[in-house]
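Notes for the one structure printed next.
Just so it is clear: chains get the letters A, B, ... in the order the sequence lines come, proteins before strands, and each one is counted from 1. All heavy atoms count here, side chains included; hydrogens, waters and symmetry mates do not.
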Amino acid sequence: MPKLFSGIQPTGELHIGNYFGAITNWVELQEKHDTVYCIVDLHAITSDYDPDTLREEALEMATDLIASGIDPEKSILFIQSEVREHVELQWIFNSVTSYGDLTRMTQFKDKSDKRDFVSAGLFDYPVLQAADILLYKASRVPVGEDQVQHVELTRRIARKFNNRYGEFFPEPEPIIGRGARIMSTADPERKMSKSDHDKHAIGLMENEDSIWEKIKSAVTDPGKAQGDEMSPGVANLFTLLELTAPESTVEGFREDHREGNLMYIDLKEAVHENLMAEIRPVQEKKEELMENRSHVEDLLSKGKEKAREIASKNMEQVRQMVGVGPT
RNA sequence: AGGCCCGUAGCUCAAUUGGCAGAGCGCCGGACUCCAAAUCCGAAGGUUGGGGGUUCAAGUCCUCCCGGGCCUGCCA
């Protein structure tokens with residue numbers, strides 16, 4: 001089975017955009033790939049964060065992922081900083097990475113000009129990401145559109161390394177989100193994002209009433225019959241419905257919309273109801289896991305061991321090729 | 001290592017010679033709406049980065065610290 005790597009930052013809670021966009025995809029990919037899923041806390045520290053809660057957040061992210069269907073039996077699930085080879089490989093990669101390439105990363109440019117303090121870590125972020133992927137010699141990387149450039153950089157780094165030191169790393173290919181693009185409920189022109197304010201994002205673990213408030217207040221349009229045309233907000237609600245409701249239900253609402261009879265409040269109720277049906281088992285599973293924290297810690301510890309086994313073996317060879325110790 | 005500039009509400013910024021800490025946007029509540037949006041009404045929001053000092057009175061002046069930006073030097 002092809003080896004696959006993906007990571008997620010532990011900062012902020014999972015929202016349904018993450019869930020339908022990435023996580024459900026991760027769950028499916030487990031079946032036909034050797035999956036390595038990583039909670040990337042070392043990436044999180046490149047921006048503002050709280051050192052007192054980071055570990056707890058990482059643990060909670062693991063809990064959420066397992067509740068969502070990531071199976072520690074099928075996948076290697078672990079916390080990045082627990083495997084020190086990530087950083088070691090990053091340093092070696094720093095030396096085969098073109099400075100010019102890094103300055104062209106659009107995500108860095110976007111992020112850096114919004115902040116007053118720009119850390120060198122933020123700039124070097126894509127190199128750590130390359131190390132994350134290649135440390136496990138992964139050949140597939142599921143990512144969002146915005147990360148494709150980083151995977152391309154990873155390929156360039158792999159190529160450069162292989163040219164200089166000998167064939168070793170695969171050139172990984174991005175698997176570009178088959179997952180849905182869920183838009184903000186408050187501003188349906190924008191993708192639902194952790195970094196936006198509360199009312200933009202619906203938390204995966206949020207309680208039912210609070211989710212209803214957000215769906216009810218989701219932006220729509222002045223209403224009434226526009227044929228097949230759909231405003232972004234309404235389209236977003238239909239996306240959610242498609243993801244959670246039976247086809248016949250969706251078709252019914254579609255017809256109402258075409259005929260101009262659709263009451264958005266009805267659509268919103270249906271979205272809420274079906275969304276909850278999808279999410280509730282995940283929330284229940286999480287509660288169950290939270291009752292026994294040490295079980296999750298245990299699973300993470302096992303994940304760490306599995307990750308280390310691969311990482312240390314690969315790094316041993318890398319060190320030899322590069323000419324550094326420890327030998 | 002030295003010099004210069006900056007730090008005020010969630011965000012962008014005001015505040016006369018030192019004289020009651022404010023506005024816009026956002027957030028929250030309400031009206032309107034099938035639900036929203038827009039609009040209208042209303043409310044909340046602050047240790048002015050922190051400590052010390054001068055003064056009747058400090059966001060404003062002095063001093064130290066923290067944080068951020070820029071310039072120069074040292075090392076060769």
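What separates CH2 of A:W212 from C1' of B:rA36 is a distance of 11 Å, to the nearest Å. Distance A:F253 CZ to B:rC34 P: 18 Å, rounded to the nearest Å. Protein atom CG of A:D48 is 14 Å distant from nucleotide atom P of B:rG67, rounded to whole Å. Atom CG of A:D116 is separated from atom C1' of B:rC6 by 11 Å (rounded to the nearest Å). Counting to the nearest Å, the C1' atom of B:rU33 and the NZ atom of A:K268 are 10 Å from each other. Distance, A:L267 CG to B:rC35 C1': 9 Å, rounded to whole Å. Per the geometry, CG belonging to A:L240 stands 15 Å off C1' belonging to B:rC35, to the nearest Å. Here B:rC35 presents its P atom at 17 Å from CG of A:D256, a figure rounded to the nearest Å.
Across B:rU12 and B:rU54, the matching P atoms stand 35 Å from one another, rounded to whole Å. Only the P atoms considered, B:rC6 is 36 Å distant from B:rA43, to the nearest whole Å. Taking atom P on both B:rC66 and B:rG51, the two are 15 Å apart, rounded to the nearest angstrom. Spacing between B:rC27 and B:rU63 at atom C1', rounded to whole Å, works out to 39 Å. For the P atoms, the distance linking B:rA15 with B:rA9 amounts to 15 Å, nearest Å. Comparing the same atom, P, in B:rG26 and in B:rU39 gives a spacing of 8 Å after rounding to whole Å. Look at the P atom in both B:rC41 and B:rC5: the space between them is 44 Å, to the nearest Å. B:rU8 and B:rG49: their C1' atoms are spaced 10 Å apart (whole Å).
No more than 12 heavy atoms of other residues, nucleotides or ligands lie within 6.0 Å of CG in A:D48, so this atom counts as exposed by the packing criterion.
Nucleotide B:rC13 forms a Watson-Crick or G-U wobble pair with B:rG22, both donor-acceptor distances falling under 3.5 Å. In a base pair of the Watson-Crick type (N1 to N3 plus N6-O4 or O6-N4) or a G-U wobble (N1-O2 and O6-N3), with each distance short of 3.5 Å, B:rC70 is matched with B:rG3. Nucleotide B:rC28 is matched to B:rG42 when pairs are restricted to Watson-Crick or G-U wobble geometry with both distances under 3.5 angstrom.
Put simply, the side chain of A:Q80 never gets that close to the backbone of A:H86: no donor and acceptor are under 3.5 Å apart.
Using a 3.5 Å distance cut-off with no hydrogens or angles, the side chains of A:R156 and A:S98 do not pair a donor with an acceptor. Judged purely by distance below 3.5 Å, without hydrogens or angles, the side chains of A:Q107 and A:Y125 never pair a donor atom with an acceptor atom. A:H15 and A:N18 share a side-chain donor-acceptor pair at under 3.5 Å.
Comparing A:A186 and A:K216 against RNA chain B, the residue whose closest nucleotide sits nearer the 5' end is A:A186. If A:F117 and A:I215 are placed on RNA chain B by their nearest nucleotide, the residue sitting closer to the 5' end is A:I215.
Between A:H257 and A:F238, the ring planes lie perpendicular to each other; the angle is over 60°, past the 30° to 60° tilted range.
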